[in-house]
Amino acid sequence: MEDFPEELRTPPVALSCLIGCPDVHPLITAHLHSQQPPINAIALPDFSKISMIPPKKPSRDPSEPPAGIIKRDWFSKHRTRIPAVVAAIFSSRDVSGDPVHWLQVCTDLDKLKASIRGRNIKLVVLVVTKWNDKDNTSEERILALRKRAEIDSKNLIIFVPDHEPELQQCLSRQVPLIVPLSKFGLWTVLGELANTYYRDEGRRVRSRLEKKNYTSMELHVRYCFKVAIYAEFRRDWLEALKLYEDAYHALREMVGTSTRMPPIQRLVEIKAVAEQLHFKMSTLLQHGGKVLEAITWFRQRTANYRKLVGAPEVIFLHWEWLSRQYMVFAQLLETSSPNALHVPSTDPVAEEKPTEWEFHPAYYYQLAASYLKEKNTCLEFALSMSIDVGAFDGSAESVVASAYLGQYSRLLEHEDAFITQPLTDMEYVHYALAEGKRFKDSFEIIALLKKSFEAYSSSKAERTAAYCGLQMAREYFSLNDFSNAKQIFDSVANLYRREGWLLSLWEVLGYLRECSKGTSSAKDFIEYSLEMASLPETTGSSESFSKDCGPAEPATSSQREKIHKEAFEVARGESELNSDEQNSAFKVKSDYPIYLEIDLISPLRVTLLALVAFHQPMVKPGGQSLITISLRSQLPINVEIDQLEVQFNQSECNFIITNGQKPQISSIDIVQPGHRVETAPDLVLATNKWLRLTYDIKSDLSGKLECIYVIARIGPNFTICCRAESPALMNDSPLWKFENRLETIPIKDPGLALSGQKAIQVEEPEPQVDLILDSSGPALVGESFILPVTVASRGHAVHSGELKINLVDTRGGGLLSPRGEESFSSDNIHVELVDISCDAPQDKSGAPSDKIQKIQPSFGLISVPSLDMGESWSCKLKIKWNHPKPIMLYVSLGYLPQSDDPSLQKVHVHKSLQIEGKIAVAISHRYMLPFRQDPLLLSKLKSVSETDQTPYLALNEKTLLIISVKNSSEVPLRLLSMSIETEEKSVACTVQPQQEEFREAIVNMPGEEFKKVFTIIPKVNSTKLKIGTVSLRWERDSNDTSSQVTKYRLPDVNVELPLLAVTVECPPHAFLGNPFLYSVKILNQTEMLQEIKCSISDSQSFVLSGPHSDTMLVLPRSAQVLTYMLVPLGLGSLQLPRVTVVSMRYSAGLQPSTASLLVFVYPTKPHVDLKPPGDA
Amino acid sequence: MIVCVAVVGHQNNPLYIQSFTKGDDSLLRISILNVEGCSYHSLKRHHIVHCSLDVVDERVNNPKKSGLIINETFLGLLNPTENYKVYGYLTNTKVKFILVTTDLEVRDVDARVFFGRFHTAYVDAVSNPFHIPGKKITSRKFAERVSTIVKSFGLSSGG
């Protein structure tokens, strides 16, 4: 775009001319420039310079044919030299001054008028005055001046440069300055007049167009062009566009009809004009935001001209021209407003709508580059065809561009004057070829493609970008810039590899191969060659014979074989790598060995793929396992490998397979001594066939054994290092994945082929040490449970042994109770490991200093002393249960069988044991009243019996407490003592006995119950009286354990003074017919008189005397006794007559229980002989 | 005249690509006009087909922007390279058909008819029990059928 002259690139600006008073020119020009639209001004200091304005030429003879279409400088002449309006500036002193000055003014004005009249240039008169002199200006003179200049009053302006407000008004706004002299500002006046000028000129030319009084098409084009330019001056873009279009169509018609010039130059001229018209129209459309129209127009116009190739010798001019059109359009598209870009094509199917890429400048840059490339090709061809270009070279300098656009002529010096002479087509062709030879377009092509590449990459069109890259790289390649070319080719090749475009990849690899030759890189050369040789065959014969594959040549199988052979010749050092351009040779030898590495993502996987599978997933240490190494190559010719090396992560397992056909290979020397060497009958890789090798492998080290590399050596200095892959994880290369070919499995065993792994697990050696956990049944809560652990060596000595102990809750709840995880106290740890006590080794008096012992509530670690074979060692774990909970005890022993080899791995023995924790004894209690005594406790009557289980005891009355102990464990226990510890030291209650040591331990068998009676006399009247805690000391019925204490807290009791107490008294037994006393004693402990109702029921077994039913009063704090005399009538255990006592005040009755009213009646008084029978 | 048809798999890998070079005099003319440095060769067409996959991606990823109707398999004109027109078609299994023609005046209906027939031929070819899905199509019968379809391009609707 920069090649175009400025007047074409910028929108036209009206031109004015300032004459006279040069001191105000800067002020006025600056002002005119600052307005919108601006007006350019030519500043002429005085009237003598009027001749600078070119005079009107004599009009052309209509009969004479035009010499060209558009004069080269016509537009610039109107932009820079022919003003539309002239401002004659006079000083007010001259105007109003003496007659001499006035006369001069008149003369100057006349001269000016004469010189501009021919061109119809408009005139404005400015009178410059000082602010102080403003009123001195003679109005008559001003009037005279206006008349002389023949202008409207508004076109005469009084100009006051030294007064800011006046100046501003005068310059710009329409405020009357000196009425009626001027109404308008200078810029407005000039602008209007310029508009009038351009409109008039346009009309004048247009009238010629309308009259059609011309014969040649050239004039039609010229007139249209001129009218359009005048319209542009007036900013009438629509009209301009219309006329450019007219001109364009007329020009296109001229192609076939015009005969004015020799054909080659004629076409060159037409295209030159068309180019300007293209540019103008594209600019107008794009800057007007009509991108869609611009694109559509551009497509049509280029389609029109693309076929105008012209004469074969200068065909390159056509491509150059076309390339320029695209480039300029792309630049315009890039600079036009970004909003107008990306106009979606609303209907993609519609033919006329541009497609996506046509809105991107990248598209046009790419085409510009490809046309430029075409130009290069054609130019080279044309240069090669014409031998005598050099002969013309000298005279080419005299060829210059002539006055008409697109025309060239020869400049001849003739008698101190230059004359131009038209060229013949032949001469022009020579000139064009010579010019073409001077410029190299490759860099320009690269620049265009780079722009396109970047734009496509940023819009994520990676394939199109890759194609641009490919073209760019080809251009670099043609310039012998191999490093740049290689870089781009590599990235392009990656895309083609990924998507499997074989033919494209073949082409790119061909270039890369040549690049590596150019950079003398044998490694690259071999890599690219091998990749090319192992590419799949393209299907469809016509494709593979394609001849435009660049240096790769057609992708035929013979070409593949050729490339394969070349690569191996270089690799074996049999031939040199020659680079044609740099004349350097590179040979692979022992100083420069070649080492190729093939990993999982390498494109060379198709060249050599190494799969390694172990036949077993696990192996014992020292045990043998089979390993299969499968190699496959897609190279077209068989490859013979001299030596294969298989490397593992355990380097002792590495081994070498040599080729049985080639026993004497020098490279065997590099093998470290002591390594295993195997010999295979032959190591030949055939195309797409697996070479399977199976060997034994043995590892002594436990852990993972993994095959890492399979290294193939071919020749003395060529090595391919292939990363081993597992058959189970193998995925095919994208290039071969889509091919139809014979699929064979890498290993004969199909299961192994699908699931084989390149790694194997070597197990630990079998432990030969016993770990014995002795369990003595369930543990009891509260006791320290002792668990002996024994380590007994059977076949191994134990060194650096460590015993780990873990306690785990079998139900998974954890060994801590949920509420107290923060603090470790014995209360909230259910089960804890308290201690580990171990025997000191007997024979090793010097115990190892690094003895570890670490104990936590649920974890323990202890070191085991060194043991020789057959020895044993034991320790005791002390575990305490605080709550009944089953736990799992895990004990693991890790040891080294040999002390001298620290690299060996430890052997581990694991044991586990579940232990239940149980409660040993269950303690319960019961309160009982003394026999036949019933106190009346008021609150007991009131209380709702079901909710309140608190027992009520009578104050100062004796109550019996029965404690029963039940053995709930599975082992016999011995009870040692039992005591009740009262909590309060005061005399709240008396307990008898406080403590009792059993004289002889009571053996309590599982499930048995033991009872002990205490008496309690509460001394304090209170609710919630704390009685105390029962402590039971017991031990297992085996002597080796210490005694434990189980505590049982007695619940609180209510103590109350009984209001009334009823005591029934009668002898425990009676004799038939013998009377006995049966009395009921009612004790009133209150301060009130108590009315008591009592009655006695009759009984058949007794005859009774006494009050049958009575109401009596019992005095405060006294007792009343009801006495009956009973005579038993029956025998045996008899029910006494039931006495019912009812307290009227409390409505509480007392009925003694039937059990307490039994009496045994003997027939007679027994005669008991207390003497033993033997004494009798 | 159709110069190239291609079947491209869903990983944008070529499954079938066939160029048609034998032709009439018009080919010669085009080959003179061909500008991009390459003569009338298949590799160039591989590039055209490959580049047009970008447009397919763009259309499929931005269906709204490109005005593509949902479930429409015919993608329309993809790329007006200077001497070729490229049309695209996308099956439900994301297999793309690309058509490269030198006819600069192509009616959409012709392209649609072509792709319809081509799709049928493709379905028949991949229904062959010996064809492995995802692999290149090597059936000779398919090639013959494609040639027939290519020859009848533009004739179907009386055009």
> Which bit of B:Asp57 comes within less than 4.5 Å of chain A, counting heavy atoms only: side chain, backbone, both or neither?
Replying inline: side chain
>> So A:Leu502 and B:Lys136, do their side chains get closer than 4.5 Å, heavy atoms only?
In response: yes
>> salt bridge (charged side-chain N to carboxylate O under 4.0 Å, His left out) for B:Lys135 and A:Glu739? Distances and angles first, verdict last.
In response: CA-CA 6 Å; B:Lys135 298 259 178 188; A:Glu739 295 298 318; over 6 Å; no
> Closest approach of B:Pro14 and A:Glu499, non-hydrogen atoms and distance?
Replying inline: CD-O, 3.4 Å
>> Ignoring hydrogens, what is the shortest heavy-atom contact between B:Asn12 and A:Trp501? Give both atom names and the distance.
In response: O-NE1, 2.8 Å
>> Show, in sequence, the C-alpha distance, side-chain angles and deciding distance for B:His50 and A:Ser504, and conclude whether the side chain to side chain contact (heavy atoms under 4.5 Å, CB included) test is met.
In response: CA-CA 10 Å; B:His50 192 230; A:Ser504 314; 5.8 Å; no
>> Please determine whether side chain to side chain contact (heavy atoms under 4.5 Å, CB included) holds for the pair A:Lys460 and B:Asn61, giving the CA-CA distance in whole Å, both sets of side-chain angles, and the decisive distance to 0.1 Å.
In response: CA-CA 12 Å; A:Lys460 298 212 165 43; B:Asn61 294 338; over 6 Å; no
> Residues two or more places apart in sequence or in another chain: which of them pass salt bridge (charged side-chain N to carboxylate O under 4.0 Å, His left out) with A:Glu444?
Replying inline: none
> Checking A:Leu372 against chain B: side chain, backbone, both or neither under 4.5 Å from a heavy atom?
Replying inline: neither
> Which bit of A:Tyr496 comes within less than 4.5 Å of chain B, counting heavy atoms only: side chain, backbone, both or neither?
Replying inline: side chain
> Above 12 or not: heavy atoms from other molecules or residues under 6.0 Å from CG of B:Asn92?
Replying inline: no
>> Using side chain to side chain donor-acceptor pair (under 3.5 Å), reason through B:His46 and A:Glu507 one step at a time and then give a plain yes or no.
In response: CA-CA 11 Å; B:His46 280 234; A:Glu507 180 200 3; over 6 Å; no
> Can you name the residues that form a salt bridge (charged side-chain N to carboxylate O under 4.0 Å, His left out) with B:Lys141, not counting sequence neighbours?
Replying inline: none
> Between atom SG of B:Cys51 and atom CD of A:Glu462, what is the distance when rounded to the nearest 0.5 Å?
Replying inline: 11.0 Å
> Which atom pair, heavy atoms only, marks the closest approach of A:Arg463 to B:Leu53?
Replying inline: CD-CB, 3.7 Å
